[in-house]
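Worksheet for the structure shown next.
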Amino acid sequence: MTGTLFGHKRARVNLAIQETPSSLPVVLLELGLPTGKLLQSMGGGMVRIAMECEKRSGGDKTQVMEEPIWTMFCNGKKSGFGVKREPTEEDLRVMRTLHVVSMGAGVIPEEKEEEVHPEGELAYMRAHFERVVGSRDSETYYMMNPDGNSGPELSLFFVRV
C-alpha cells in the first residue's frame, strides 16, 4: 500500500491510502491535526497515530476502513477527529502530481508562481506502508523504511472499540 500525508502547512493534514502510487485513493481522511505540527512531531522521531471509532450495535458488517468518523490520538494525546471524505479536485491534483513518486517528502509548488496560498505551502510525505489486518475491527499501517535498518517511523492504527 502507498500512504500519502499532505496538506498546507497551516491547515489540517490529509491521509490518502492507495493500492499503488498511481491509483485513486482507497481511503481519504482529513485528520484533525495541522500539517506543520505533524511534520514537527515526525522530526522528533517515531509517530503513532491511533484512530478509534465505536462499534455499532446489531453486528454491523461495515469494514473498519469504511467508518465515517474517527477519534484521533497522536503519540497518546487526543488530537481531534479524522473524517473520511471523497477526494476534491485539489486532492486529485496532488495525486496526479505525485503519481510517479513511490516515496519521498517535499513541497508541491502552486500551479501559478504568483499564487500564494493563505495557509502556506502544500507539503507531502509519501511512503510504502505494510498493511496488517488484526481482525474485522482493526487494521494497522506501518511505514516501512527503505534501508530496513530501524523500525517504522510512522504507524497508523485503525480500531473499532
Side-chain angles (χ1 to χ4, degrees), residues 1-52 63-67 70 72-77 79-113 115-117 119-134 138-159:
M1 303 296 282
T2 298
T4 307
L5 292 156
F6 64 96
H8 292 279
K9 289 197 176 179
R10 290 185 296 275
R12 292 186 176 146
V13 69
N14 298 287
L15 168 66
I17 298 176
Q18 302 162 267
E19 295 279 336
T20 65
S22 59
S23 65
L24 289 174
V26 175
V27 173
L28 180 64
L29 298 172
E30 182 176 322
L31 306 179
L33 185 66
T35 305
K37 184 164 175 68
L38 179 63
L39 294 172
Q40 183 181 23
S41 295
M42 291 188 74
M46 192 177 298
V47 174
R48 290 186 173 98
I49 296 175
M51 306 293 285
E52 292 183 358
Q63 293 183 4
V64 71
M65 295 304 290
E66 295 299 315
E67 293 290 345
W70 302 86
M72 185 176 121
F73 298 86
C74 184
N75 290 339
K77 295 179 184 174
S79 302
F81 295 92
V83 178
K84 183 177 178 195
R85 63 179 178 79
E86 293 298 315
T88 64
E89 188 56 43
E90 183 177 12
D91 299 328
L92 295 175
R93 181 182 71 83
V94 170
M95 296 298 113
R96 281 190 302 270
T97 302
L98 297 176
H99 80 279
V100 296
V101 177
S102 59
M103 62 178 23
V107 174
I108 297 174
E110 293 293 335
E111 287 182 348
K112 299 174 185 154
E113 287 185 28
E115 280 186 24
V116 176
H117 199 279
E119 295 176 329
E121 299 174 314
L122 181 66
Y124 75 91
M125 187 205 65
R126 177 174 261 202
H128 173 74
F129 283 75
E130 183 177 321
R131 177 182 178 225
V132 177
V133 177
S138 69
E139 283 189 28
T140 304
Y141 293 83
Y142 297 103
M143 185 176 78
M144 303 313 297
N145 244 341
D147 60 12
N149 288 338
S150 60
E153 295 172 7
L154 175 64
S155 301
L156 303 163
F157 303 93
F158 294 87
V159 181

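We're numbering straight along the sequence, starting at 1. Heavy atoms only: backbone and side chains are in, while hydrogens, waters and symmetry mates are out.
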To check you understand the geometry: which heavy-atom pair defines the closest contact between [X] and [Y], and what is its length?
X	Y	value
Arg12	Glu30	CD-OE2, 3.5 Å
Glu86	Asp91	O-OD2, 4.3 Å
Ala123	Thr35	CB-CG2, 4.4 Å
Ser102	Arg126	O-CG, 3.7 Å
Gln18	Ser23	NE2-O, 2.5 Å
Pro87	Leu28	CA-CD2, 3.5 Å

Requested in this report: Decide yes or no on side chain to side chain contact (heavy atoms under 4.5 Å, CB included) for Leu154 and Leu5, but give the supporting numbers first.
Outcome: CA-CA 11 Å; Leu154 175 64; Leu5 292 156; 3.4 Å; yes
Query raised in the report: Does the distance from a Lys or Arg side-chain N to an Asp or Glu carboxylate O, for Arg96 and Glu89, drop under 4.0 Å?
Result: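 Counted as a salt bridge, because a side-chain N and a carboxylate O are separated by less than 4.0 Å.
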**Report entry** Presence of salt bridge, Arg131 and Glu139, under 4.0 angstrom
**Finding:**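 Arg131 and Glu139: salt-bridged.
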Query - Heavy-atom neighbours of Glu66 CD exceed 12 at 6.0 Å - result: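 Enclosed.
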Query - Set of residues satisfying side-chain hydrogen bond (donor to acceptor under 3.5 Å, both in side chains) with respect to Lys37, sequence neighbours excluded - result: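 Once residues adjacent in sequence are excluded, Lys37 has no partner under the side-chain hydrogen bond (donor to acceptor under 3.5 Å, both in side chains) criterion.
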Measuring from [X]:[atom1] to [Y]:[atom2], what's the distance to the nearest 0.5 Å?
X	Y	atom1	atom2	result
Met65	Phe158	CE	CZ	4.0 Å
Met51	Phe81	CE	CZ	10.0 Å
Met95	Phe6	CE	CZ	4.0 Å
Arg48	Cys74	CZ	SG	11.0 Å
Phe73	Ser79	CZ	OG	8.5 Å
Leu98	Met125	CG	CE	11.5 Å

Query raised in the report: Going through the distances and angles, do Leu33 and Met72 end up as a side chain to side chain contact (heavy atoms under 4.5 Å, CB included)?
Result: CA-CA 9 Å; Leu33 185 66; Met72 185 176 121; 3.4 Å; yes
**Report entry** Val107, Ile108, Thr97 screened by side-chain contact (heavy atoms from CB on, under 4.5 Å) with Leu122, the one that passes
**Finding:**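 The single option meeting the side-chain contact (heavy atoms from CB on, under 4.5 Å) with Leu122 is Ile108.
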Query raised in the report: Given Phe129, which of Ile17, Leu156, Thr140 fulfils the side-chain contact (heavy atoms from CB on, under 4.5 Å) condition?
Result: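 Answer to the side-chain contact (heavy atoms from CB on, under 4.5 Å) test with Phe129 among Ile17, Leu156, Thr140: Leu156.
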Requested in this report: Check the pair Leu24 / Leu92 against side chain to side chain contact (heavy atoms under 4.5 Å, CB included), numbers first and verdict last.
Outcome: CA-CA 8 Å; Leu24 289 174; Leu92 295 175; 3.9 Å; yes
Requested in this report: Apply side chain to side chain contact (heavy atoms under 4.5 Å, CB included) to Ile49 and Trp70, showing your working.
Outcome: CA-CA 11 Å; Ile49 296 175; Trp70 302 86; over 6 Å; no
Query raised in the report: Judged by atom type as modelled, is there a donor-acceptor pair below 3.5 Å linking the side chain of Glu130 to the main-chain atoms of Tyr142?
Result: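 The answer is no, because no donor-acceptor pair under 3.5 Å joins these two groups.
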